[in-house]
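Here the structure is laid out as structure tokens; the discussion comes afterwards.
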Amino acid sequence: MSLIDNPPQPINKAEGRLSRPSVVARARQDNFARRSFFTFTLLPVLLILIVTIALLFRSWPILQAYPLSDLLFGDIWRPSDGQFGFWPFILGTFWVTTVGVVLAVPACLLTSIYLAEYAHARLRSIAKPVLDLLAAIPPVVYGVWGLVAIVPFVDKVLAPLSDRWLGSVSIFSVNQPTGFGILAAGIVIAVMIAPLIISVMYEIFSTVPNDLRHASLAVGATQWQTIRNIVLPQVAPGILAAIVLGASRALGETIAVLMVVGNIPQVPTSIFDSAYPLPALIANNYGEMMSIPLYDAALLSAALVLLVVILIFNILSILVIQRMRSRKWA
């Protein structure tokens with residue numbers, strides 16, 4: 001047989017090995033992946049802008065009819081008389097959120113320290129699913145629990161005790177003994193945001209290298225001294241981020257708060273007073289009495305105010321966290 005009939009075959013690559021794409025093809029794939037990821041990263045920002053613009057467009061009639069200062073700082077809410085003051089609702093939102101965060105943060109911080117630093121691995125394996133289960137419970141269930149358990153507890157136990165021992169302090173004075181009020185809503189909110197804060201704090205504590213703990217223990221420090229002087233300074237920005245995340249959820253909570261807060265549009269002076277947060281106002285009234293002029297625009301402007309407040313709150317917290325990190329590494 002001649003070479004013409006059987007020409008030499010080119011040397012094939014090893015069997016099972018795919019040919020690698022060229023440098024140009026790989027660069028094209030990388031550019032496509034980078035642009036795709038950049039587009040998906042922009043989607044949340046675009047969504048916030050779209051929602052803000054839509055709310056601003058729907059709120060424009062009332063913003064043209066009334067000065068913004070009258071809407072934000074007016075303390076009278078009578079839509080039938082053309083009075084749309086958001087100040088009681090803004091204060092109600094901040095009171096409920098503040099009480100909930102103040103009640104939740106100390107317990108959440110101590111729980112996360114125990115789970116991350118003291119608890120046995122078996123206990124952690126049980127506690128983590130329980131926390132995830134609590135975080136997944138629908139808000140309406142917490143609202144019903146607050147209605148049947150927390151409101152009577154505040155009415156029959158906490159209010160009499162506060163009236164007896166702290167009645168001279170205005171913030172603890174009992175002006176309406178029904179149990180429905182800021183304290184009941186704050187307790188429900190604290191229980192709702194606790195699993196989220198604990199989970200985030202636990203993950204933050206887990207990021208601290210064990211070498212730092214071992215070095216502190218090796219020089220004679222106790223475990224608590226190691227946590228206080230080594231671990232906590234390392235995770236302080238993350239703890240603040242977890243608190244902000246929980247507070248952001250508390251600011252927008254609707255159903256559970258609506259069921260126990262009393263829903264009275266007034267400027268609160270005590271944690272036992274009834275209040276009317278902005279989310280409850282929107283959920284209670286949107287879609288009803290739309291025949292009143294500017295009522296629809298007023299409710300949507302309330303949603304716009306709530307969105308702006310949450311955005312400002314998160315932006316300021318991000319700036320604080322960045323400043324803490326810069327000081328830490330300076």
Side-chain angles (χ1 to χ4, degrees), residues 73 75-77 85-114 134 137 139-198 239 242-244 246-281 283-284 309 313:
F73 302 106
D75 57 358
I76 299 177
W77 176 263
F86 293 139
W87 189 239
F89 307 102
I90 295 174
L91 286 182
T93 303
F94 276 109
W95 273 77
V96 172
T97 302
T98 301
V99 171
V101 171
V102 168
L103 292 176
V105 168
C108 292
L109 180 59
L110 295 177
T111 302
S112 60
I113 290 175
Y114 175 75
L134 291 175
I137 294 177
V140 67
V141 176
Y142 284 107
V144 173
W145 167 72
L147 193 63
V148 300
I150 300 302
V151 170
F153 177 72
V154 171
D155 182 25
K156 294 179 172 53
V157 178
L158 297 183
L161 288 176
S162 179
D163 191 39
R164 175 180 298 179
W165 301 105
L166 300 172
S168 59
V169 183
S170 61
I171 194 175
F172 297 109
S173 60
V174 181
N175 302 318
Q176 54 93 22
T178 63
F180 291 90
I182 294 171
L183 182 58
I187 294 174
V188 173
I189 284 292
V191 175
M192 289 183 64
I193 65 177
L196 175 63
I197 298 178
I198 293 173
I239 291 175
I243 295 173
V244 170
S248 298
R249 181 182 177 185
L251 280 170
E253 187 52 54
T254 305
I255 298 299
V257 173
L258 182 151
M259 298 174 69
V260 298
V261 77
N263 301 320
I264 298 177
Q266 63 181 3
V267 176
T269 59
S270 168
I271 60 174
F272 292 96
D273 289 347
S274 296
Y276 209 158
L278 281 171
L281 170 69
N284 258 342
V309 167
F313 180 77

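Just so it is clear, the structure is predicted and the values come from calculations on it, not from any experiment.
- The CG atom of Leu183 sits 8.5 Å away from atom OG of Ser162, with the distance rounded to the nearest 0.5 Å.
- Nearest heavy-atom pair across Asn284 and Tyr276 is ND2-OH, 3.1 Å.
- With rounding to the nearest 0.5 angstrom, the CD1 atom of Ile243 is 9.5 Å from the CD1 atom of Ile193.
- Taking SG from Cys108 and CD1 from Ile198, the interatomic distance works out to 4.0 Å, rounded to the nearest 0.5 Å.
- Shown here for Ala184 and Gly179, the closest heavy-atom pair between the two residues is CB-O, 3.5 Å.
- Ring orientation note: the planes of Trp77 and Phe89 are nearly perpendicular, at an angle over 60° on the 30°/60° scale.
- Inter-residue side-chain proximity for Val154 and Ile187 is flagged as met; some heavy-atom pair is nearer than 4.5 Å.
- Closest approach of Ser270 and Ser170 over heavy atoms only: CB-O, 3.4 Å.
- The shortest side-chain heavy-atom distance between Phe313 and Ser248 falls under the 4.5 Å cut-off.
- Judged purely by atom type and a 3.5 angstrom limit, Thr98 uses its side chain to pair as donor or acceptor with the backbone of Phe94.
- Smallest separation of non-hydrogen atoms from Ile182 and Ala275: CG1-CB, 3.7 Å.
- Remark: Phe172 CZ to Ile271 CD1 distance equals 5.0 Å, nearest 0.5 Å.
- Taking each heavy atom of Gly146 and Pro152 in turn, the nearest pair found is O-CD, 4.5 Å.
- The shortest heavy-atom contact between Leu103 and Ala190 is CB-CB, 3.9 Å.
- A heavy-atom distance below 4.5 Å is not found between the side chains of Phe180 and Asp155.
- Atoms CE and CD1, on Met192 and Ile137 in that order, are 9.5 Å from each other to the nearest 0.5 Å.
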Derivation and outcome, side chain to side chain contact (heavy atoms under 4.5 Å, CB included), residues Val96 and Ile189
CA-CA 8 Å; Val96 172; Ile189 284 292; 4.1 Å; yes
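- The OG1 atom of Thr178 sits 11.0 Å away from the CZ atom of Phe272 when rounded to the nearest 0.5 Å.
- The side-chain heavy atoms of Trp95 and Ile171, taken from C-beta on, include a pair separated by under 4.5 Å.
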Solution key, residues 257-269 side-chain donor-acceptor pairs under 3.5 Å, sequence neighbours excluded:
residue: Asn263; atom: ND2; partner: Leu258; partner atom: O; Å: 2.9
residue: Gln266; atom: NE2; partner: Ser274; partner atom: O; Å: 2.9
residue: Thr269; atom: OG1; partner: Asp273; partner atom: OD2; Å: 3.0

